[in-house]
> 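Handing you a structure now.
Chain letters run A, B, ... following the sequence lines, proteins first and then strands; every chain starts at 1.
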2 protein chains.
Amino acid sequence: MHSLDSVFHALSDPTRRAILARLVDGEATVDQITVPFTMSQPSISRHLKVLEQAGLISTRIDGTSRPRRIEPAAFTAIEDWLERYRTVWQANYARLDSVLDDLKQEDDPL
Amino acid sequence: MHSLDSVFHALSDPTRRAILARLVDGEATVDQITVPFTMSQPSISRHLKVLEQAGLISTRIDGTSRPRRIEPAAFTAIEDWLERYRTVWQANYARLDSVLDDLKQEDDPL
DNA sequence: TTGCTATATAGCAATATTAGAATGCAGTGG
DNA sequence: CCACTGCATTCTAATATTGCTATATAGCAA
C-alpha cells in the first residue's frame, strides 16, 4: 500500500506539508484547505490525492463534502524507518566520546 | 541549508534509502556502494550528490577516494518535524478513548 | 427539473528527475 | 611524464510532476 517511496515523495512538497499542518487542527474540506493558499482548488485536490495515496490522510464522505483527516499509520511507518538510524547517531556520539577521551589523554598523558 | 523539501525528496528514492542503509555499517566509497546495485557508477554518484545536498550524508576526501558517511543532523531534523504529529495521533487515541467511553455509556446508561 | 455548491478530472505547457554512455579530471605509482 | 584508478560531469532521451483553465459529476434545495 503506502510505500516509503510515496510517503517521502508526498512529504517533499511544502504545500503538502502545510496541508498536513492544517489538518493537525482537525478535519478540513478541500475548500477550507484552499483558502490560505494562493493556489487553485484543483491543484489542492491533487495534492490531497498524493497525500491520500501515500496513506498520510484519509477522506470521509459527508453528503457533498469530503473532510480529510490525518492518518497516523503512515507517520509511524516513518518512525519505524527512522528507528534504524537512531543507532547510527548514538554510535556517532559514542565515537565522539572516544575521540574526546583520546584528546584528553594527549593533553594529560601518563 | 538542507531543507525538508530536499531531505524528503532524497528519501523518496529506494536506491538512495538503500545507500543510507549501506552507510549504517560505516563509511563507503562510490565504487563500494555501487557493487550491489545494478546501476552505473555515475548514477550512484548522482544519488550521492542528492543525499549530500539534502544533508543526509557527507564526504571526506582521502587522496583519490571520497568516503561517504551518514550525517545525523538531517535525521534529527525529520524527528523534529515528526514531533508535531506525534501529538496528533496521541490525540487520536484519546479521541478514540472518548468514543469508546460514549459507546460504553450507550450500552450501559445511567 | 433547475440551479447551486463541493469536489474531481482532463488537457496542456513548463519544468524536473532519472538513467546510461561518453568524457573529463585529479591523485598515485612507476 | 605516463598510465591507471576513483570519481564527477555532461549529454541526451524517457518519464514524471506540477500548475492552470475548463469541464464534469454528485448531492442538495427550491
> Report the base-pairing partner of D/dA30 (Watson-Crick or G-U wobble, both distances below 3.5 angstrom), or none.
C/dT1

> Can you list every pair that meets side-chain hydrogen bond (donor to acceptor under 3.5 Å, both in side chains) and has a residue in residues 18-28 of chain B, with sequence neighbours left out?
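For residues 18-28 of chain B: B/Glu27-B/Arg60, B/Glu27-B/Arg69.
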
> For the pair made of CD1 in B/Ile44 and C1' in C/dA19, what is the distance, rounded to whole Å?
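B/Ile44 atom CD1 is separated from C/dA19 atom C1' by 11 Å.
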
> Among residues at least two apart in sequence or on other chains, which ones pass side-chain hydrogen bond (donor to acceptor under 3.5 Å, both in side chains) with A/Thr59?
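Applying side-chain hydrogen bond (donor to acceptor under 3.5 Å, both in side chains) to A/Thr59 gives A/Glu52, A/Arg68.
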
> Whole-Å distance between C/dA8 P and A/His47 NE2?
14 Å

> Is there a donor-acceptor pair under 3.5 Å between the side chain of A/Ser3 and the backbone N or O of A/Ser6?
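Checking the backbone N and O of A/Ser6 against the side chain of A/Ser3, a donor-acceptor pair under 3.5 Å is found.
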
> Whole Å only: how far is the CZ atom of A/Phe37 from the C1' atom of C/dT7?
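Rounding to the nearest Å, CZ of A/Phe37 and C1' of C/dT7 are 17 Å apart.
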
> Which residues pass the side-chain contact (heavy atoms from CB on, under 4.5 Å) test with B/Leu4, sequence neighbours left out?
A/Arg17, B/Phe8, B/Trp81

> Could I get a table of every N or O pair under 3.5 Å where one atom is in the protein and the other is in nucleotides 9-17 of chain D?
unit_1: D/dT9; atom_1: OP2; unit_2: B/Lys49; atom_2: NZ; d: 3.4

> How many whole angstroms separate atom CD of B/Gln53 from atom C1' of D/dA8?
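Between C1' of D/dA8 and CD of B/Gln53: 13 Å.
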
> Report the residue (A/Ser12 or B/Gln32) whose heavy-atom-nearest nucleotide on DNA chain D is the more 5′ of the two.
B/Gln32

> What pairs with B/Thr64 under side-chain hydrogen bond (donor to acceptor under 3.5 Å, both in side chains), at least two apart in sequence or on another chain?
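Partners of B/Thr64 by the side-chain hydrogen bond (donor to acceptor under 3.5 Å, both in side chains) criterion come out as none, since no residue qualifies.
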
> Among all residues two or more places apart in sequence or in another chain, which pass the side-chain hydrogen bond (donor to acceptor under 3.5 Å, both in side chains) test with B/Ser65?
none

> Any side-chain to backbone donor/acceptor pair from A/Thr34 onto A/Val30? Under 3.5 Å, distance only.
yes

> So which pairs with a foot in residues 19-61 of chain B pass ring-ring contact (aromatic ring centres under 6.0 Å, His included), sequence neighbours left out?
none

> Rounded to whole angstroms, how far apart are CD on B/Glu27 and C1' on D/dC7?
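Rounded to the whole Å, the gap is 16 Å.
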
> Report the distance from atom CD1 of B/Ile57 to atom C1' of D/dA8, rounded to the nearest whole Å.
14 Å

> Taking side-chain contact (heavy atoms from CB on, under 4.5 Å) as the definition, give me every residue that meets it alongside B/Val50, ordered by chain and number, with sequence neighbours left out.
B/His9, B/Ala10, B/Arg16

> Under 3.5 Å, which protein N or O atoms sit close to an N or O of nucleotides 1-6 of chain C? Give each pair with its distance.
unit_1: C/dA6; atom_1: O4'; unit_2: A/Thr64; atom_2: OG1; d: 3.1

> Tell me: CD1 of A/Ile33 to C1' of C/dA8, nearest whole Å?
14 Å

> Starting at atom CZ of B/Phe8, determine the distance to atom P of C/dA16, rounded to an integer number of angstrom.
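For the pair B/Phe8 CZ and C/dA16 P, the rounded distance is 21 Å.
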
